[in-house]
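To start, the structure itself, in structure tokens.
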Number of protein chains: 2
Amino acid sequence: MQKQETLSKNQKIILDLIEKSDQPLKAYSILFDVKKKGINAPLQVYRALNKLVKIGKIHKIESRNAFIACKNSKCQIANATIFSICESCEDVTEIHDHKLSEHLRDFKDNKGMKYNKYNLEFFGLCKKCV
Amino acid sequence: MQKQETLSKNQKIILDLIEKSDQPLKAYSILFDVKKKGINAPLQVYRALNKLVKIGKIHKIESRNAFIACKNSKCQIANATIFSICESCEDVTEIHDHKLSEHLRDFKDNKGMKYNKYNLEFFGLCKKCV
DNA sequence: TAACGCTGTGTAATAATATAACATATTTAA
DNA sequence: TTAAATATGTTATATTATTACACAGCGTTA
């Protein structure tokens, strides 16, 4: 059974906003949007973001410095993420591909390194933008 | 036959510095180091970095905002990168794994997206840090 | 129930990363 | 040999993220 995290006020406000967007949001755009809810400083946003990332409710798109909600409602995974990113319209989609995930999970390098996390980003053109 | 790019003065200076380091360098640390060579402004560094990334001489470690030389001297690939990153000592190594690369190259999602690039970062603890 | 650890909040200041805008020079290709 | 493309230099500024400090709330435990 998964531990159900109790979110704090700021964490809820920010998760709520990110979940309502189907596309990644940037920290300062989040800040702008939550000012009306009494969140005034970047640090308040980053603290909530960090926590939400940590518990797998959202993911950071590293190449874009932006944050997207994890749609995989049941089993939040903070440590194994795959995204496709359209370089034209910037549309981002999380990919759930069992075979690929398995491959990445099982990957062993030749240096004896112990992995506990990976992040994969595919770039290209989506159907609309081809 | 691979086209041999001719690098400009600033590009050479900066590539040279990055190649001498076996670990990723950050833009402003590069800037600091090349001031003695007459490169004075962030933009001069970023311009060179962008070009070097584009032609595959260096790669950006997205999760670290840092740049590392591509050791794969013959066939610089700017569009298919795999790294392992130690979360303790921050050691970064580029991974060349034929099977995994093949898998990623051949990956097709179910949305008809056309990929031309990917970047994969593995995180964990290296031998020394376990 | 008092003391403690843990997590979260609020605020100000500042650090770190990256780009815009403008003027000019150099190289490449038609 | 002129036009296009690429590179340079400089100033200013935008964007992303963290440090430092003070304090509040909550559950544990001694």
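Chain A is the first sequence line, chain B the second, and so forth, proteins listed ahead of strands; every chain is numbered from 1.
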Review point. With sequence neighbours excluded, what pairs up with A/Arg64 under the side-chain contact (heavy atoms from CB on, under 4.5 Å) test?
Key: A/Ile61, A/Ala66, A/Ile85, A/Glu87, A/Glu90, A/Phe123

**Study point:** ring pair (Phe, Tyr, Trp, His ring centres under 6.0 Å) partners for A/Phe107, two or more places apart
**Key:** B/Phe122

Study note, to complete from the structure: Whole-Å distance, A/Phe32 CZ to D/dT15 C1', equals 16 Å

Study note, to complete from the structure: Angle separating the five-pair end axes of the helix from C/dT1-D/dA30 to C/dA30-D/dT1, nearest 10°, is 40°

Check your understanding: Can you check the B/Leu31 CG to D/dG9 P distance for me, whole Å?
Key -> 13 Å

Check your understanding: Do B/Leu120 and A/Phe83 sit in the same hydrophobic cluster, where Ile, Leu, Val, Met, Phe, Trp and Tyr count as joined when their side-chain heavy atoms come under 4.5 Å apart?
Key -> no

Review point. Rounded to whole angstrom units, what separation is found between the CD atom of A/Gln44 and the P atom of C/dG8?
Key: 14 Å

Exercise for review: Mind listing the residues from residues 8-20 of chain A sitting with a heavy atom below 4.0 Å of DNA chain C? Number order is fine.
Suggested key: A/Ser8, A/Lys9, A/Asn10, A/Gln11

Review point. In whole angstroms, how far is the C1' atom of D/dT16 from the CD1 atom of A/Ile30?
Key: 12 Å

Practice item. Sort and list the pairs that fulfil side chain to side chain donor-acceptor pair (under 3.5 Å) and have at least one residue in residues 100-112 of chain B, not counting sequence neighbours. Key: A/His103-B/His103, B/His98-B/Glu102, B/Asp109-B/Tyr115

Exercise for review: Would you please name every residue forming a side-chain hydrogen bond (donor to acceptor under 3.5 Å, both in side chains) with A/Ser88, sequence neighbours left out?
Suggested key: none

**Study point:** Pairwise side chain to side chain donor-acceptor pair (under 3.5 Å) hits with a residue in residues 118-128 of chain A, at least two apart
**Key:** A/Ser63-A/Glu121, A/Thr81-A/Asn119, A/Asn119-A/Glu121

**Study point:** Short side-chain N/O contact from A/Lys51 to OP1 or OP2 of C/dG8, under 4.0 Å
**Key:** yes

**Study point:** Pairs where residues 9-18 of chain B contributes a residue and the test salt bridge (charged side-chain N to carboxylate O under 4.0 Å, His left out) is met, not counting sequence neighbours
**Key:** B/Asp16-B/Lys20

Check your understanding: Rounding to a whole Å, what distance do you find between A/Leu49:CG and D/dT18:C1'?
Key -> 14 Å

Practice item. Summarise protein proximity over nucleotides 13-30 of chain C in one line of letters, 5' to 3': B for base, S for sugar-phosphate only, - for none, counting protein heavy atoms closer than 4.0 Å. Key: ----BBBBB---------

Review point. Do B/Met113 and A/Val92 belong together in a cluster built from hydrophobic side chains that touch within less than 4.5 Å?
Key: no

Review point. Which side chain to side chain donor-acceptor pair (under 3.5 Å) pairs, counting each pair once, include a residue from residues 22-41 of chain A, with sequence neighbours left out?
Key: A/Gln23-A/Asp91

Review point. Under the 4.5 Å side-chain heavy-atom rule for ILVMFWY, direct or indirect, which residues accompany B/Leu125?
Key: B/Val130

